[in-house]
Asks: 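There's a structure below that I have some questions on.
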Amino acid sequence: MDPNPYAAFLAPQRQLVASLEPEESWWSWRAHEVHIARASRPEAAARVLVVHGAGGHGAALWPLAALLADQGLDLAAVDLPLYGRTATHDPGAVRYGDWIHLLVDLIAAEEDGRPLIVLGASIGGLLAYEAAAQSQGVAAVAATCLLDPSDWRARAHMTRFGILGVLGRPLSVLARGRLARTMIPMTWIARFRQMSRDRGLSRLCATDPRGGGARVPLGFLASYMNYPHTLPEMMTTPVTLVHPSHDAWTPIELSVRFLRRIAAPTRAIILRECGHFPIEEPGLADLIDAIQEIALGLVTGHHIDK
């Protein structure tokens, strides 16, 4: 297997562990052959499911997952339809709700009695939140951000052209019928220059054909902007926000605004010196420590407090 190009952007002392080759697996779900990278640890007391956002994929986040696996956690990183190595029969038909249903079914299919942490990156943070809200098998959520598309402030920051985010809902009426199947490059929408503090990593994310270089249907974007996420006041699963301190794409106040409304126990941890894609030290160590602490709390019964 070719070296993972994303691992090269971590600190030199991290790269050997981050280069751990994953176990490749496939899961048939509806009209998709879903690719899942794993570091199976049957002896581990807790499991982690890593969920990417709308410009990443499992392999892009695998170096971070490998660092967690090195701490003794059982890891899986899924490629959602349209991204990574997941094969999709009809890409033009994929909608945001499919991502949620896939995760809910995957969580149920892999339930083995051990506590599961769902770790979501970028818009995968709210995706992890929603999958947990609709599942019985998630013990805790960790999210690098919690962008609520129903908040106009969040819409303004999540797109390349801020005004498009503000107008996203009215414009979504155009993404119907045949037009909804129109595939457009994510680079037309996402602010990939702000993906990382490292220009090289931002460039890799934007050009990776399995990630930011992919195309998505207009109907997917419209369905994301209009999806009725579970109200935070109804959330019962503990949520930890692990937000990068130097995130130029998603200001922390947007995530905190959502986090404060969550009824379940919550906590906010700042990843020091990290950009939107958290690779910098010491924030990367903060992330690893946070996930370990969550796992330990689940195993010992010491849950986070509001």
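None of these values were measured; they are calculated from a predicted model.
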Asks: Under the salt bridge (Lys or Arg N to Asp or Glu O under 4.0 Å) criterion, do R85 and D79 qualify, and how do the steps go?
Replies: CA-CA 6 Å; R85 296 173 60 191; D79 284 341; 6.0 Å; no

Asks: Could you check whether any side-chain N or O of Q292 sits under 3.5 Å from a backbone N or O of I294, counting only pairs where one atom can act as donor and the other as acceptor?
Replies: no

Asks: About how many Å separate OG1 of T266 and CG of L259, when rounded to the nearest 0.5 Å?
Replies: 4.5 Å

Asks: Taking the side chain as every heavy atom from C-beta outward, state whether L67 and L287 have any pair of such atoms under 4.5 Å apart.
Replies: no

Asks: So, Q71 side chain and I288 main chain: donor-acceptor pair closer than 3.5 Å or not?
Replies: no

Asks: Using the rule given for side-chain contact (heavy atoms from CB on, under 4.5 Å), can you reason through R41 versus L75, listing the C-alpha separation, both sets of side-chain angles and the distance that settles it, and then say yes or no?
Replies: CA-CA 8 Å; R41 302 286 187 270; L75 261 294; over 6 Å; no

Asks: Return the SG to NE2 distance between C274 and H243, rounded to the nearest 0.5 Å.
Replies: 11.0 Å

Asks: Do W99 and F220 make the cut of ring centroids closer than 6.0 angstrom?
Replies: yes

Asks: Donor-acceptor pair, R272 side chain versus D286 backbone, under 3.5 Å?
Replies: no

Asks: Would a 4.5 Å heavy-atom cut-off, applied to side chains only, mark V51 and L61 as touching?
Replies: no

Asks: Just verifying a value: how many Å separate W249 CH2 and S122 OG, rounded to the nearest 0.5 Å?
Replies: 5.5 Å

Asks: Just to verify, which of Y96, F258, Y129 counts as forming a ring pair (Phe, Tyr, Trp, His ring centres under 6.0 Å) with H229?
Replies: Y96

Asks: For R47 and A76, indicate whether the former's side chain and the latter's backbone hold a donor-acceptor pair under 3.5 Å.
Replies: no

Asks: Check whether S245 reaches the backbone of L271 with its side chain - one donor and one acceptor, N or O, closer than 3.5 Å.
Replies: yes

Asks: Under a single-linkage definition using a 4.5 Å side-chain heavy-atom cutoff for Ile, Leu, Val, Met, Phe, Trp and Tyr, are L80 and W26 assigned to the same hydrophobic cluster?
Replies: no

Asks: Looking at P185 and R215, what are the two nearest heavy atoms and their distance?
Replies: CD-NH1, 3.6 Å

Asks: Return yes if some donor-acceptor pair links the side-chain N/O of S135 with the main-chain N/O of G137 below 3.5 Å, else return no.
Replies: no

Asks: Do L179 and I189 land in one hydrophobic cluster if side-chain heavy atoms of ILVMFWY residues count as linked below 4.5 Å?
Replies: yes

Asks: Do you see a donor-acceptor pair shorter than 3.5 Å between the side chains of E130 and T230?
Replies: yes

Asks: Do the non-hydrogen side-chain atoms of R30 and H101 ever get within less than 4.5 Å of each other?
Replies: yes

Asks: Indicate whether the side chain of D148 and that of S150 have a donor and an acceptor atom separated by less than 3.5 Å.
Replies: yes

Asks: Establish, from distance only, whether the side-chain atoms of H57 and D208 form a donor-acceptor pair under 3.5 Å.
Replies: yes

Asks: Following the transitive rule for hydrophobic clusters with a side-chain heavy-atom cut-off under 4.5 Å over Ile, Leu, Val, Met, Phe, Trp and Tyr, establish whether Y227 and M234 coincide in one cluster.
Replies: no

Asks: Can you find a pair of side-chain heavy atoms, one from L119 and one from L64, that are under 4.5 Å apart?
Replies: no

Asks: Using 0.5 Å steps for rounding, measure from the CG atom of L82 to the OG1 atom of T88.
Replies: 6.0 Å

Asks: Quick one: closest heavy-atom pair of G113 and E111, and the distance?
Replies: N-OE2, 2.8 Å

Asks: Is the backbone N or O of I36 less than 3.5 Å from a side-chain atom of S25, with the two atoms forming a donor-acceptor pair by type?
Replies: yes

Asks: Under 4.5 Å between any side-chain heavy atoms of Y83 and R210, yes or no?
Replies: no

Asks: If hydrophobic clusters are built from ILVMFWY residues whose side chains come within less than 4.5 Å, do M183 and L221 share one?
Replies: yes

Asks: Does some side-chain heavy atom of D247 sit less than 4.5 Å from a side-chain heavy atom of T144?
Replies: no

Asks: Determine, stepwise, if the pair R261 / L231 fulfils side-chain contact (heavy atoms from CB on, under 4.5 Å).
Replies: CA-CA 9 Å; R261 294 172 54 200; L231 292 175; 4.3 Å; yes

Asks: Would a single hydrophobic cluster contain both L296 and I269, if residues Ile, Leu, Val, Met, Phe, Trp and Tyr are joined by side-chain heavy-atom contacts under 4.5 Å?
Replies: no

Asks: Examine distances only and state if a side-chain atom of T86 and a backbone atom of V34 form a donor-acceptor pair shorter than 3.5 Å.
Replies: no

Asks: Quick one: does Q15's side chain get under 4.5 Å of P63's, heavy atoms only?
Replies: no

Asks: What do the steps show when you test Q194 against S202 for side chain to side chain donor-acceptor pair (under 3.5 Å), and what is the final call?
Replies: CA-CA 7 Å; Q194 296 173 307; S202 294; over 6 Å; no

Asks: Measuring only between side-chain heavy atoms, which start at C-beta, is F192 closer than 4.5 Å to T187?
Replies: yes

Asks: Are W27 and L102 close enough, and set up right, to give a side-chain contact (heavy atoms from CB on, under 4.5 Å), and what steps lead you there?
Replies: CA-CA 10 Å; W27 178 56; L102 185 156; 3.9 Å; yes

Asks: Run the numbers on E280 and H246 for side-chain contact (heavy atoms from CB on, under 4.5 Å), then give the verdict.
Replies: CA-CA 10 Å; E280 294 86 2; H246 288 66; over 6 Å; no

Asks: Taking the six-membered ring for Trp and the full ring for Phe, Tyr or His, determine whether the centres of W62 and H52 are under 6.0 Å apart.
Replies: no

Asks: I'd like to know whether the aromatic ring centres of F9 and F277 sit less than 6.0 Å apart in this structure.
Replies: no

